[in-house]
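Shown next, in structure tokens, is the structure this report addresses.
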Protein chains: 2
Amino acid sequence: MHTYTEENYLKSIYHLLEQNEQASTNDIAASLKTRAASVTDMLKKLAEKKLINYARYQGVSLTPAGQKVALGIIRKHRLWEHFLVDKLKFKWDEVHDMAEELEHISSVELINRLEQFMDYPQFDPHGDPIPNSNGEIKAQLLQPALALTQHQTGVIAAVSDHSASFLQYLEKIQLTIGKEIKVTEITDYDLCLEVTTDNKVLNISREVAKNLLIAL
Amino acid sequence: MHTYTEENYLKSIYHLLEQNEQASTNDIAASLKTRAASVTDMLKKLAEKKLINYARYQGVSLTPAGQKVALGIIRKHRLWEHFLVDKLKFKWDEVHDMAEELEHISSVELINRLEQFMDYPQFDPHGDPIPNSNGEIKAQLLQPALALTQHQTGVIAAVSDHSASFLQYLEKIQLTIGKEIKVTEITDYDLCLEVTTDNKVLNISREVAKNLLIAL
DNA sequence: TAAAATTTTTAGACTAATCTAAAATTTACA
DNA sequence: TGTAAATTTTAGATTAGTCTAAAAATTTTA
């Protein structure tokens, strides 16, 4: 169908467009740990295949076909992550690299059976929504914990940094998906947040609060 | 670690040596659906990496390192096949191509967890033994059903043809792993076997009997 | 708005795996 | 045992994806 590399480019472009409203050659290169020249070559190839819209120097967007491929990969990635955590008992900070490989297993029937085996989960272990087999994905209404005002309460729904170190830190202080937190104070001096959860008081930095996403 | 292609060559060489006591360039090419010239190139590369013993025109054997890689791939292939059949409810004729992809997922921890999740199965859906995490594999004592004499009884333990058409045929006539069969007659004319199982009488060709393996 | 800085693309080369065609070697057998 | 057949290897190309270095285009800024 499409090569491993093409799939990674499409996924990367999808994620960049999700956040930035545009995906530059340099951004794509950075996210794939490759060089801008390599990206340009691949953009030409993907445009040739009608998976992206591309004009020299003008940036890229995904065509409906490209979007479909990207969402298929993201679906597989998130279902495999769910499997690894829910069935094989891996921790949420351990599964990313394995899912990066598993997402390229081609069989659609396999992923549909896996989804059924797990009873149609709606979210992956990091709180990201899982596209259905038609490539439809539920938009999430989320805000960073940083946006909460004093005395406001919210439920942790996802994280925007998937690095192992961040996830391990959250695990350690028990700020995990589904936990309800209340912002009990915002420090004047450094604007850190004091949050209360499970009757425990925790102090978290602005950086942490930025990457903790709260359901709206 | 090793490339996808290197892994396939090592696996193929392992399987050929299992059956033939030697793996020729042409045999490897046929089993990998490639050309002899390509095989020669790869043999040089694998010899360079000390995964095979190779001298021009003299055929190949696996080094201990090469054997370990091959058994690692076979272990993954068979555990994934077991997963697909036992957990995802695929039929035994549907899983080969998926397992061909899954066997290259690199994580050893993943495959060990998968093995644990399935309670340490000893055989894959086709009756082939699953190597343990040290790469040790139990030798099976098997003979083709063709070798059974009249009135002899045996239990189907494995199959030596993994093609979908053969497996579907066996499924249809219900000659599956674990079934006990008795050779009730050997036809004089065409040497077909009449076998009885579950109180039903079946007539099978010599070709089928050759590929049905009976536990000794 | 023109020079400077940045970004992107092009040109040309490299690697892994493949191929065809031809040459070298081994095996089979008359 | 020597020639024919079969097998295997070499030589030289090709493709996908990557790279560096240099050129081109865009954006920033003074």
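Here the structure is a predicted model, which means the values were calculated and not measured. Note on naming: letters A, B, ... go to the chains in the order of the sequence lines (proteins, then strands), and numbering restarts at 1 for each one.
Checking D:dT9, C:dT10, D:dT8 against every side-chain atom of B:Tyr54, the shortest atom distance belongs to D:dT9. Among D:dT9, C:dC19, C:dT8, the nucleotide with an atom closest to any side-chain atom of A:Thr25 is C:dT8. Comparing D:dC19, C:dC19, C:dT9 by their nearest atom to the side chain of A:Arg56 picks out C:dT9.
In this structure, B:Lys44 places its NZ atom 16 Å from C1' of C:dT15, rounding to the nearest Å. Between B:Met42 atom CE and C:dC19 atom C1' the separation is 14 Å, expressed in whole Å. Distance CD1 (B:Ile52) to C1' (D:dT8): 14 Å, rounded to an integer number of Å. Rounded to whole Å, atom P of C:dT6 lies 17 Å from atom OH of A:Tyr57. Distance B:Asp41 CG to D:dT9 C1': 9 Å, rounded to the nearest Å. Spacing between atom CZ of A:Arg35 and atom P of D:dT18 amounts to 13 Å, rounded to whole angstrom units. In this structure, the CG atom of B:Asn26 is 12 Å from the P atom of D:dA6, given to the nearest Å. Taking atom CD of residue B:Glu6 and atom P of nucleotide C:dT15, one finds them 16 Å apart after rounding to whole Å.
Note on A:Tyr9: only backbone sugar-phosphate atoms sit closer than 4.0 angstrom, heavy atoms only; bases stay farther off. Residue contacts shown for B:Ser38 include a base, since a base heavy atom lies under 4.0 Å away. Looking at heavy-atom distances under 4.0 Å, A:Thr40 makes contact with a base.
Checking the phosphate oxygens (OP1, OP2) of C:dC19, a side-chain nitrogen or oxygen of B:Thr34 falls inside 4.0 Å.
Proximity of a side-chain donor or acceptor of A:Glu6 to a complementary backbone N or O of A:Tyr4 within less than 3.5 Å is not detected.
The residue among A:Tyr4 and A:Gln58 whose nearest nucleotide of DNA chain D is located toward the 5' end is A:Tyr4.
Base-pair partner of C:dA22: D:dT9 (Watson-Crick or G-U wobble, both distances under 3.5 Å).
There is a side-chain donor-acceptor pair under 3.5 Å between B:Arg75 and B:Asn112.
For the pair A:Lys44 and A:Glu48, the salt-bridge criterion is not met [side-chain N within less than 4.0 Å of a carboxylate O].
Ring centroid separation for the pair A:Phe83 and B:Phe83 comes in under the 6.0 Å cut-off.
Summarising the geometry of A:Leu170 relative to A:Val208, their closest heavy-atom pair is CD2-CG1, 4.3 Å, with the distance given to 0.1 Å.
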